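Fair warning: this is a prediction, and the values are worked out from it, not measured in the lab. Throughout, a chain's letter reflects where its sequence line sits, starting with A, and its residues are numbered from 1.
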2 protein chains.
Amino acid sequence: MSGVLHVLLHMAQQPGPFTSETLAKAMDTNPVVIRRIMAGLRELGYVHSEKGHGGGWKLSCDLSKVTLRDVYAALGSPSLLAMGNRTEAPGCLVEQAVNAALGQAFADAEALLLSRLGEVTLAMLSDDLRKRLGSRKIHDIGAHGA
Amino acid sequence: MSGVLHVLLHMAQQPGPFTSETLAKAMDTNPVVIRRIMAGLRELGYVHSEKGHGGGWKLSCDLSKVTLRDVYAALGSPSLLAMGNRTEAPGCLVEQAVNAALGQAFADAEALLLSRLGEVTLAMLSDDLRKRLGSRKIHDIGAHGA
DNA sequence: GTTTCATGTAACTTTATATGTTACATAATG
DNA sequence: CATTATGTAACATATAAAGTTACATGAAAC
């Protein structure tokens, strides 16, 4: 999640296109990993890719319309919580009692988190980033960490 | 977490003591795993253990005073969320912007979850379990899943 | 058209983490 | 002192995430 946003935000600072290799260097990872990540975003139309010379990845969405929750969904909505309910002995009443108590707390927290993510658009993130960049010239994607 | 509560709740139904082996069978795991789990609880005084003949684990706390949050703390407060912030390039402003946005949402969700866990005592869980058991004779810890 | 550059994707390897296991020391009881 | 239990280190296994390699596909340059 954090990594995906990092990529998207980088892309929002320059017109592109960006090759998987370029993005991979910025993220200090492998091009294939980038393609895997971007695949989900492409399916939902947030980015698109082109092959061959001059190809690569481009944003293809209105940043003010896409929330962090949308991005999360594009990743396949992986579990947000580190701990789940045991399901090894579903018939056990002890387990049912435990799951009932934990399940409600977990569900509430997850709902809140999703709601919060839904309030933040990529455009808001991008604006925040530009503020942080301040008067500074927008740094090239190659000059990472500088 | 779920597993620990399972053990504690089982223990709350019978006077004990329970050997690690007994508890391990009920949880379908290994005695050493039980001892590892219980170690944190013992340090906070929620359970205590005795060696040798007739030894084993006993509850040593007021169930109405210990919340699920306390139990969580006894486990070393492991991360509740499945995803954290990237920290690979702390100097990168993009990363800072992403972490600021995600960090707030994560912190809020975590706070809510902790708060919810703090509202539920082991006694409440135990009461709920007894209701579920209904008129049924309290099952022996050996008769798991029945 | 063929060479080059880029994505798409399957298959494999590596790494990290959690869990389970073995072995043995320590302590308490009969 | 033999037995039973915890305490804990060390090792093994299983699982999942991340990284890597290899090669097919498609698009642009020449």
Side-chain angles (χ1 to χ4, degrees), chain A residues 1-4 6-7 11 16-60 72 74-89 141, chain B residues 1-4 6-7 11 16-60 72 74-89 141:
Chain A
M1 183 74 184
S2 181
V4 185
H6 198 129
V7 170
M11 291 175 72
F18 305 88
T19 68
S20 302
E21 195 171 358
T22 303
L23 294 175
K25 265 175 196 149
M27 301 283 303
D28 197 39
T29 182
N30 193 286
V32 177
V33 175
I34 297 291
R35 293 190 194 118
R36 274 208 285 251
I37 288 177
M38 301 295 269
L41 296 171
R42 184 186 49 223
E43 275 173 31
L44 295 199
Y46 301 150
V47 299
H48 84 113
S49 56
E50 271 178 22
K51 294 181 171 179
H53 277 278
W57 299 91
K58 272 189 200 169
L59 292 173
S60 63
Y72 164 72
L75 298 180
S77 303
S79 169
L80 291 169
L81 299 172
M83 40 182 74
N85 285 335
R86 273 173 59 97
T87 53
E88 289 159 43
I141 201 175
Chain B
M1 182 75 185
S2 181
V4 184
H6 198 129
V7 170
M11 292 176 72
F18 304 88
T19 68
S20 303
E21 194 172 358
T22 303
L23 294 174
K25 263 176 197 150
M27 301 282 304
D28 197 39
T29 182
N30 193 285
V32 177
V33 175
I34 297 290
R35 293 189 193 118
R36 275 208 287 250
I37 289 178
M38 302 294 271
L41 296 172
R42 185 185 49 223
E43 276 174 30
L44 295 200
Y46 302 148
V47 299
H48 83 114
S49 57
E50 272 177 23
K51 294 183 172 179
H53 277 280
W57 299 91
K58 271 188 200 170
L59 292 172
S60 62
Y72 164 72
L75 298 179
S77 302
S79 169
L80 290 168
L81 299 172
M83 41 180 73
N85 285 334
R86 271 174 60 96
T87 53
E88 289 160 43
I141 200 173

key: Distance test, side-chain N/O of A:T29 to OP1/OP2 of D:dG19, below 4.0 Å   = yes
key: Closest non-hydrogen atom pair between B:M83 and A:M1, with its separation   = SD-CB, 3.5 Å
query = Just one of B:K25, B:R35, B:R36 clears the side-chain hydrogen bond (donor to acceptor under 3.5 Å, both in side chains) bar with B:S20, so which one?
reply = B:R35
Between D:dA18 (P) and A:L23 (CG): distance, integer Å = 17 Å
query = Between the side-chain atoms of A:R36 and the base atoms of D:dG19, is any donor-acceptor pair under 3.5 Å?
reply = yes
request  = May I have the distance from B:M27 (atom CE) to C:dT21 (atom P), rounded to whole angstrom?
outcome  = 14 Å
inquiry  = Do B:V7 and B:M38 make a side-chain contact, defined as non-hydrogen atoms from C-beta onward lying under 4.5 Å apart?
reply    = yes
remark   = With B for base contact, S for sugar-phosphate-only contact and - for none (protein heavy atoms under 4.0 Å), nucleotides 13-18 of chain C reads ------
task = Let me know the distance between CE of B:M83 and P of D:dA16, rounded to the nearest Å.
result = 16 Å
ask   = Choosing from C:dG8, C:dA11, D:dG7, which nucleotide comes nearest the side chain of A:W57?
value = C:dG8
note = Note: B:G45 and B:S60 closest approach over all heavy atoms is O-OG, 3.0 Å
request  = Rounded to the nearest angstrom, tell me the gap between atom CD in B:E43 and atom P in D:dT6.
outcome  = 17 Å
inquiry  = Within this structure, what is the OG-CG distance for the pair A:S49 and A:L41, rounded to the nearest 0.5 Å?
reply    = 11.0 Å
remark   = A:R42 has its side chain closest, among C:dG20, D:dG19, C:dT9, to C:dT9
Shortest non-hydrogen contact between B:S2 and A:G84, atoms and distance = CB-O, 3.9 Å
key: Phosphate OP1/OP2 of D:dT6 contacted by B:S20 side-chain N/O (<4.0 Å)   = yes
task = Please report the closest heavy-atom contact between A:T19 and A:W57, naming both atoms and the distance.
result = C-CD1, 4.3 Å
task = Nearest whole angstrom, please: distance from the C1' of D:dG19 to the CD1 of A:I37.
result = 12 Å
Per B:V33 side chain, nearest of listed nucleotides C:dG8, C:dG20, D:dT6 = C:dG20
request  = Report the distance from atom CG of A:D28 to atom P of D:dG19, rounded to the nearest whole Å.
outcome  = 8 Å
request  = To the nearest 0.5 angstrom, please state how far the CG atom of A:L23 sits from the CD1 atom of A:I37.
outcome  = 9.5 Å
message = It should be established whether A:S49 places a side-chain nitrogen or oxygen under 4.0 Å from OP1 or OP2 of nucleotide C:dG8.
response = yes
inquiry  = Quick check: closest heavy atoms across B:P31 and B:A24, and the distance to 0.1 Å?
reply    = N-CB, 3.5 Å
task = Would you name the heavy atoms of B:A74 and B:Y46 that are closest together and state the gap between them?
result = CB-CE1, 4.2 Å
ask   = Between D:dG19 atom P and A:E21 atom CD, what is the distance in whole Å?
value = 16 Å
request  = Return the value, rounded to whole Å, for the distance between atom CE of A:M1 and atom P of D:dA17.
outcome  = 16 Å
message = Return a single string for nucleotides 21-30 of chain D, one symbol per nucleotide in 5' to 3' order, where B is base contact, S is sugar-phosphate-only contact and - is none, cutoff 4.0 angstrom on heavy atoms.
response = B---BBBBS-
